Each structure stands twice: as structure tokens, then as C-alpha cells.
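Notes follow once the structure below has been shown.
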Amino acid sequence: MENQYIIKGGIPLRGEVTISGAKNAALGILAAAIMTNDTVVIDNLPDVRDINVILEAIQGIGAIVERIDAHTVKINGSTITDVTIDYDSVRKIRGSYYLLGALLGKYNKANVSLPGGCDIGSRPIDQHLKAFRALGATVNIEYGMINASAEKLTGNHIYLDVASVGATINIMLASCMADGRTVIENAAKEPHVVDVANFLNSMGANIKGAGTDKIRISGVTKLHSSEYSIIPDQIEAGTFMIAAAATKGDVLIKNVIPRHLECISVKLTEIGVNVEEFDDAVLVSCKNRLFHTQIKTLPYPGFPTDMQPQIATLLALSDGTSTVTESLFENRFKYVDELSRMGASIKVEGNIAIIEGVEGLTGASISAPDLRAGAALVVAGLVADGYTTIDSIRYIERGYENFEEKMASLGASIEKIPVDDERAVQKFKLKVS
Ligand code: EPU
């Protein structure tokens, strides 16, 4: 049964919220975990759909996957019997492409269905494939599958045309047990790239320079067991920062790495939000009306594309004219029409959204077009006057753990109810009125 969120807006968020582990780091780490025949224990795993899908895919090829609790998993890849990941098991997630790098790196052979994921624009994987070929693999795409195989993998110098997160992680996976040395130039520097490198190193890999644009990998012969805790999710934290600011609230966001949030904190401070950093928390509060600014999404440490819809929502409620330029994905403004239905004034020209700040938003029935846009629309609903219903929340559930529960714990009036259940709507309205 499809669910939707129902929200009554207008309540400032207050209190404390704990951020879960990083989804996009976890996807790479879970793929990496099957590369050793020893048992690996991974903690601070976010309990979200994308993660459960990749765990099922790993189990499906024979690995032992033991869920110790919602956030901890034990994996043993020694029992893998198959290197084929079919469409049904991974069509829903983009991170499935990491199984290509991991299986190729371990078994010199992998057949993985072309990835799905959020529809945020065309998402080529040419850099991944170019790199596998540079390491000595033969790569063919046939019948929707990517088939990669090699007699043996040999380190090489790889220059990425674009600083791709996915390609950088995939190269680390495929090359960490290759013969000799691999160098990735123009590597992505995102925190989750560093986390995957740290995890691989904890299993005995030799990867240096992750977090800079040049990563050097010296192949090792085997990887061993490890216990590892995933970093906190930068984007979940950023989303709660924006929700706190947009609702004129006061929220302590815990279990974060403030350095990873600086690209967001700096912009929030610039428009008038108070952001106070602690060792592993940030306090975000806001009382006054905010100012306009210019945002351009860029690879880390630039402003993250995964925070673009959320900041645009905040700017839709800030004084003056703001611009938001999306430079990574061409189809990431699909939420704009929904926000406009709530009273926002936004015009999209090419890859730039021109936002005229309005005084307030009003509730409407809207639909989440993708993961981050869906989260941004929840923020809009929390601010809007009256009731908002948001359907297609399965997108949001791909990447945010207990989103509505965490928002509700901060005082928001939000509930998950079945779509087309008029009685549930009436019950919610009675409860909150
Ligand atoms: N690109 C290419 N060729 C490639 C790979 C990428 O041209 O072979 C281009 C893309 O079209 C894009 C840019 O390079 O313009 C960056 O793409 P990247 O490869 O870095 O993105 P990704 O690995 O597909 C990950 C996250 C996304 C996040 C981006 C950017 C995962 C599973 N996904 O995608 O997360 O937006 O990095 O940071 O890690 C999300 O979580 O909502 C999400 C979409």
C-alpha cells in the first residue's frame, strides 16, 4: 500500500535530533564488505530502503548477511557463488554499480544490471567503464547488463573527465587488489569517498590521498576482517538544518561532523541563520526573516547538489531575489512546480532557478518527484499555512531514516498515512486542530 505524509504546517521545530549514518557511504562500504572472505561488522548503518535493497542483492549472490540490529550488520563474502546481479534486485538503486567494482576487484568478473535510482537527469557511467578498461578489464553492455571481466587487473593512471563520486569509489574498489599502483586524478573529494577509502584501508587496502583530487592505491593481495562505523549523513543533517531555519525553530542536530556541513553552514549564516558548531553537533536557530543569496551546486567542498531543493525552498521564503544554479544534474528542478502550487515564486531558466522570496506558503496536495526534492517539499509543508499532503514518499524513504518520526520528535505535526484514506486524513485533522 502506498503511503503519504500529511502535515499541518506552522510549528517551529525545537529540540534535538540524531543523524543516521550516511546512505551514500554505506552503499560503497557494503559493496566493499564482500571483497574479503573474512567477516566484517558494519555499524551506524542507516535503516533506509536503498540499504536494504543492496543487502538483499549481496545475500542474493550467496554472501552471509546477518542483521544484528537496525543499524549493525555482519557480512561474510566467502560464500559468494555468483557474480551476476540482475535487474530485479537492483533496479531501484543507483549504488548497485558499486557491486560491479567490488565483484570485478575480487573475482575479476562481474555482471551487473545497469543502475536505476532517482530520475534527476541522465546519469552516464562512462567514467566508471573507462576506468575498468584502464585496469585491464573487458567491458560490454548487453541486454541491459554490464559485463566486465579480466584475466587480471593491473594498476593504471586514470584521469577522470568529471570528478564523479561513483567512479572514484568504483575505481578504489576495482583496483585495491589489482597488481601494482593506481592513481586517480581529478578524484571526487566527498566525505563518503573518504569513508569508503577508510573502510577499505581498515580491511588492509593501501589507499592514500582520499579527500584530495589525487588518490593513490597500491594493490594488496587480500583484504581481511574489520569492524567499522559509517560516518553521519551530511545531507540528512543539512536537511534538518534547513528545516530548523525554515520553521524559525531552534534545533540541536547531533551525531554530525561539522566540517562536512561547512558548505551548508556558510550559506545559512550568510542569509541570516544562526549556526553554532560543537564537536559533533550543530545548533541551528532562526528568528528573523532571511536574506536572498546566490547558490551554485558544485562537487565537495562546494555546495552539494543533494541540498539544492532544500536550500531553494528556504530561499523561496527569504527576502529578495535569489538564484540557484544546478551544475551537476540537469533534471533536478522537478519540485519547482509543486512549490509553486504552494505559493512560491520560482522561474527555471535552463539550469538556473530564479527565486522571488514570498511571505509564506500555503498547504497543498503535492507529490515527491525524487529523494531530495521530496525532503524539500516536506520542509515546505512544515512551513506552510494549513494542511499539506505529499505522496510518492517511497522516494524519501530511500534515503531518510524515520523522517516523519524525527520531524515529529521536534514538534512537527506530521504523520504517515495511506494514500486515498479520507478517514485517516480526518483523524489527523481532528488530532492536530
Ligand atoms: N558523470 C559522468 N560520467 C560518469 C559519472 C558521472 O558524466 O561516468 C557526471 C554526472 O552526470 C554528474 C557528475 O558527473 O553530472 C557527478 O556525478 P557523480 O558520479 O558524482 O554522481 P553519482 O555517483 O551518480 C552520487 C550520489 C548522488 C549525488 C551525487 C553527487 C550515490 C549513490 N549517489 O551520485 O546522490 O547527488 O553523487 O554528489 O552515492 C542522492 O543521494 O539523492 C543522490 C542522488
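Computed from a prediction, not measured in an experiment: that's the story for all the values here. In each ligand, atom 1 is the first atom listed, and ligand 1 is the first ligand listed.
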Which segment of [X] sits under 4.0 Å of ligand 1 when only heavy atoms are counted:
X: Tyr395; result: neither
X: Leu371; result: side chain
X: Arg372; result: side chain

Check your understanding: Does the separation of the ring centres of Tyr395 and Tyr400 fall below 6.0 angstrom?
Key ->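 No, too far apart.
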Output yes when the distance from some N or O of ligand 1 to some N or O of [X] is under 3.5 Å, and no in every other case.
X: Asp126; result: yes
X: Pro124; result: yes
X: Leu27; result: no
X: Asn24; result: yes
X: Gly166; result: yes

Under 4.0 Å from a heavy atom of [X]: give me the atoms of ligand 1 that qualify, with their elements.
X: Arg332; answer: 36 (O), 42 (O), 44 (C)
X: His128; answer: 8 (O)
X: Leu328; answer: 12 (C), 15 (O), 16 (C)
X: Val162; answer: 1 (N), 2 (C), 7 (O), 9 (C), 14 (O)
X: Thr305; answer: 30 (C), 36 (O)
X: Ile125; answer: 4 (C), 8 (O)

Point to revise | 4.0 Å heavy-atom contact, Gln308 with ligand 1 | key: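 The answer is no: ligand 1 sits nowhere under 4.0 Å from a heavy atom of Gln308.
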Review point. With a 4.0 Å cut-off on heavy atoms, does Lys23 reach ligand 1?
Key: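 In this structure, Lys23 qualifies as a contact of ligand 1 - some heavy atom is under 4.0 Å.
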Check your understanding: What is the minimum heavy-atom distance between Leu13 and Ala243, and which atoms define it?
Key ->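 Looking at all heavy atoms of both residues, the shortest contact is CD1-CB, 3.7 Å.
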Exercise for review: Please tell me if the side chains of Leu200 and Met172 come closer than 4.5 Å, counting only heavy atoms from C-beta onward.
Suggested key: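 Yes, their side chains come closer than 4.5 Å.
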Check your understanding: Quick one: does Arg67's side chain get under 4.5 Å of Leu45's, heavy atoms only?
Key ->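 Yes, side chains in contact.
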Check your understanding: Stepwise, does the side-chain contact (heavy atoms from CB on, under 4.5 Å) test hold for Leu315 with Thr323?
Key -> CA-CA 9 Å; Leu315 294 173; Thr323 58; over 6 Å; no
Review point. Is the His260 ring parallel, tilted or perpendicular to the Tyr300 ring (thresholds 30°, 60°)?
Key: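 Ring orientation, 0 to 90° scale: perpendicular.
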